[in-house]
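Proteins get letters first, then strands, A, B, ... in listed order; numbering begins at 1 in each. From a predicted model like this one, the values you see are computed outputs, not experimental measurements. Hydrogens, waters and symmetry mates play no part in the numbers below; they use all other heavy atoms, side chains included.
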2 protein chains.
Amino acid sequence: MATGRPHRPATRSRGIPEATVARLPLYLRALTALSERSVPTVSSEELAGAAGVNSAKLRKDFSYLGSYGTRGVGYDVEYLVYQISRELGLTQDWPVVIVGIGNLGAALANYGGFASRGFRVAALIDADPGMTGRPVAGIAVQYIDELETIIEDNGVSIGVIATPAGAAQQVCDRLVEAGVTSILNFAPTVLSVPEGVDVRKVDLSIELQILAFHEQRKAGEASPPAAPASIPSGPGAPAGAVVRGRDDAEVRAEARAGRDGDPGDDLPAVMPA
Amino acid sequence: MATGRPHRPATRSRGIPEATVARLPLYLRALTALSERSVPTVSSEELAGAAGVNSAKLRKDFSYLGSYGTRGVGYDVEYLVYQISRELGLTQDWPVVIVGIGNLGAALANYGGFASRGFRVAALIDADPGMTGRPVAGIAVQYIDELETIIEDNGVSIGVIATPAGAAQQVCDRLVEAGVTSILNFAPTVLSVPEGVDVRKVDLSIELQILAFHEQRKAGEASPPAAPASIPSGPGAPAGAVVRGRDDAEVRAEARAGRDGDPGDDLPAVMPA
DNA sequence: TTCTGTGAACACGTTCACAGCG
DNA sequence: CGCTGTGAACGTGTTCACAGAA
């Protein structure tokens, strides 16, 4: 999950619940698949199955969009695809820039689901001069000095940050300053942005840690790691304990003032052959 | 955000709320940074700021772990790092395999936050024979035939799927069959797994779509795309409308029976120099 | 009848506000 | 006094169950 958005105003008149918005892309994907197979209609049960949710939730979700189904029959696939696309704003074209063309940036640039659905990669930007001009996914990488020009010339409002953690806040500031109002952040840092700018975060290591938590529970079903109210040894006791975290990428927050590039760190550049 | 877990049993005795678990890695990162700067104690206010949450939430979260703070003072940084690490199960070593070594798989293999925090990349696996033996992040890629052997020999319980969508379910089935009980899925597909297996999903394009939704709202503040209860034109009307989705990666669910490789699709392989 | 759409009940998560410890 | 820990209030999200359209 991604978090980090500034907190939506309490008065959400006429609005669709966040949880529902987050599921619309799921429905859209399932519907698109049905559409490709020329399936004309689908029941809430079937569609829910394909999207990996339960049917009650799906119906509730759709009820926020309006009454697009037919009782006793189901939903018209094409019509729903259109309605959801429109609701998500995918009927218009969204130019995006990707900053930080390491392996991850390259993966994003090549990602099919990115290029379709109304998202157009307007530019790839990297702080390493050695990357400049190099084609990735058929697009020549541009030097970071061009950032402001690119944003303004293309009317970019969505930026993707795939830089090392240390560069993320600076890149973010420049994006926002240049007019970007939505940011998808892959760097393991908390970004601070002014009011009105949305940030969504995708953190690879956090997801793994959550899995580890549950995995641990499975293993020692009888003996969970228990946090007893009676603390055996007071604070400071296990000082240099088993805790790892050395050479850790995201702990580089201190020297955030440095250069704006520093590629090949936690999210290293594409291997240069 | 990631979804798809089977739904936690209603009786969560002695358990930590999911929402809290999802934030623990955030706190841990902030604490690790403080620890590196040799900060001895931190208040809920400060730590919350560093982690990007509010202090009430943080205190509530910590209250589920036990009473690890000191009133009037704050929390002992080292001690908290240890407690959270232990709670998340990061004091033990988790061997993981990454299946699908395209750009994304390579990015994951190189990712610092992966290698630290107790996660050890036990193997990189790809279905492309051309990748076999090639070193990525210092580890030789192994052919997919070795999958079961690798899992069993290394006691791997966590698998990462970074294959194209079409291969994901098959890879998932093989992982589960071989003994993996936690899966982090980057492929844009809904995976079906037996009871007891956890799946977390990271979907790059879904995050963008959610951003687009909010971005759209900002633009036309006065005129949201409105879903009026009175439908202007009935189902089937905008049949071949503005909806895009052609050449879309995730719509390849039909031919899921094919070979188990198919690299270079939506998540293409590392450019071979 | 079948299946949608939705109020009402419930579960979960967040915030408030303050008691109480150091 | 400062700050944690936590009950209680509140808001959001999910599930239930059924009325009612086709």
Side-chain angles (χ1 to χ4, degrees), chain A residues 1 3-13 15-24 26-27 40-49 51-77 79-80 83 227 229-231 234-235, chain B residues 1 3-13 15-24 26-27 40-49 51-77 79-80 83 227 229-231 234-235:
Chain A
M1 123 211 66
T3 53
R5 281 198 315 97
H7 198 67
R8 203 121 266 274
T11 45
R12 199 201 57 215
S13 58
I16 299 170
E18 268 302 308
T20 296
V21 172
R23 280 188 294 267
L24 290 182
L26 243 57
Y27 303 142
T41 59
V42 66
S43 71
S44 63
E45 200 76 47
E46 290 170 310
L47 184 53
V53 304
N54 70 52
S55 62
K57 200 183 288 186
L58 178 141
R59 289 201 303 278
K60 192 58 139 190
D61 284 343
F62 285 0
S63 79
Y64 294 117
L65 309 184
S67 295
Y68 294 150
T70 307
R71 291 171 199 234
V73 178
Y75 300 93
D76 182 277
V77 171
Y79 189 57
L80 245 192
Q83 291 300 344
S230 54
I231 306 164
Chain B
M1 180 217 82
T3 53
R5 280 199 315 95
H7 197 66
R8 200 122 267 275
T11 45
R12 200 199 57 216
S13 59
I16 299 170
E18 267 302 310
T20 296
V21 172
R23 281 189 293 268
L24 291 182
L26 244 56
Y27 302 143
T41 60
V42 66
S43 71
S44 63
E45 200 76 47
E46 290 170 308
L47 184 52
V53 302
N54 71 52
S55 62
K57 200 183 289 187
L58 178 141
R59 289 201 303 279
K60 192 57 138 189
D61 284 343
F62 285 0
S63 80
Y64 295 117
L65 308 184
S67 295
Y68 294 150
T70 308
R71 292 169 198 237
V73 178
Y75 300 92
D76 181 276
V77 171
Y79 188 57
L80 245 193
Q83 291 298 346
S230 53
I231 306 165

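- Note: CG (A:Asp76) to P (D:dA22) measures 15 Å, nearest angstrom.
- Between A:Asn54 and D:dT15, a side-chain N or O to OP1/OP2 separation shorter than 4.0 Å is present.
- Atoms CD (A:Glu18) and P (D:dT14) sit 12 Å apart, rounded to a whole Å.
- The distance between the ring centers of B:Tyr68 and B:Phe62 does not fall below 6.0 angstrom.
- As rounded to whole Å, 17 Å separates atom P of C:dA17 from atom NZ of B:Lys57.
- Of the inter-residue distances, the one linking A:Lys57 atom NZ with A:Tyr27 atom OH reads 7.0 Å to the nearest 0.5 angstrom.
- Nearest heavy atoms, B:Ser43 versus B:Glu46: N-OE1, 3.0 Å.
- Counting all heavy atoms, side chain and backbone alike, A:Val42 lies closest to A:Leu47 at CG2-N, 3.7 Å.
- Separating the CG atom of A:Leu65 from the P atom of C:dT6 is a distance of 11 Å, rounded to the nearest angstrom.
- What you find for B:Leu24 and B:Leu65 is that their closest heavy atoms are CD2-CD1, 4.1 Å.
- A:Val53 has its side chain within reach of A:Arg23: a pair of non-hydrogen atoms, C-beta onward, lies under 4.5 Å apart.
- In this structure, CG of B:Leu58 is placed 14 Å from P of D:dT6, rounded to the nearest angstrom.
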Could you list, one pair per line, each protein nitrogen or oxygen that sits under 3.5 Å from a nitrogen or oxygen of nucleotides 1-4 of chain D, together with the distance?
from: D:dG2; atom 1: N2; to: B:Gly72; atom 2: N; distance (Å): 3.4
from: D:dC3; atom 1: O4'; to: B:Gly72; atom 2: N; distance (Å): 3.2
from: D:dT4; atom 1: OP1; to: B:Ser44; atom 2: N; distance (Å): 2.6
from: D:dT4; atom 1: OP2; to: B:Ser44; atom 2: OG; distance (Å): 2.6
from: D:dT4; atom 1: O2; to: B:Arg71; atom 2: NH1; distance (Å): 3.1

Q.
Let's go through B:Thr70 and B:Asp76 carefully: what are the C-alpha distance in whole Å and the side-chain angles of both, what is the deciding distance for side-chain contact (heavy atoms from CB on, under 4.5 Å) to 0.1 Å, and is it a yes or a no?
A. CA-CA 8 Å; B:Thr70 308; B:Asp76 181 276; over 6 Å; no
Dump the pairs, protein N or O against N or O of nucleotides 7-11 of chain C, anything under 3.5 Å, distances to one decimal.
from: C:dG7; atom 1: N7; to: A:Lys60; atom 2: NZ; distance (Å): 3.2

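- Atom OH in B:Tyr64 sits roughly 10 Å away from atom C1' in D:dT6 (whole-Å rounding).
- Residues passing the side-chain contact (heavy atoms from CB on, under 4.5 Å) test with B:Ser44 are B:Ser55, B:Leu58, B:Arg59, B:Tyr75, sequence neighbours excluded.
- In this entry the distance linking CG of A:Asp61 with P of C:dG5 reads 12 Å, nearest Å.
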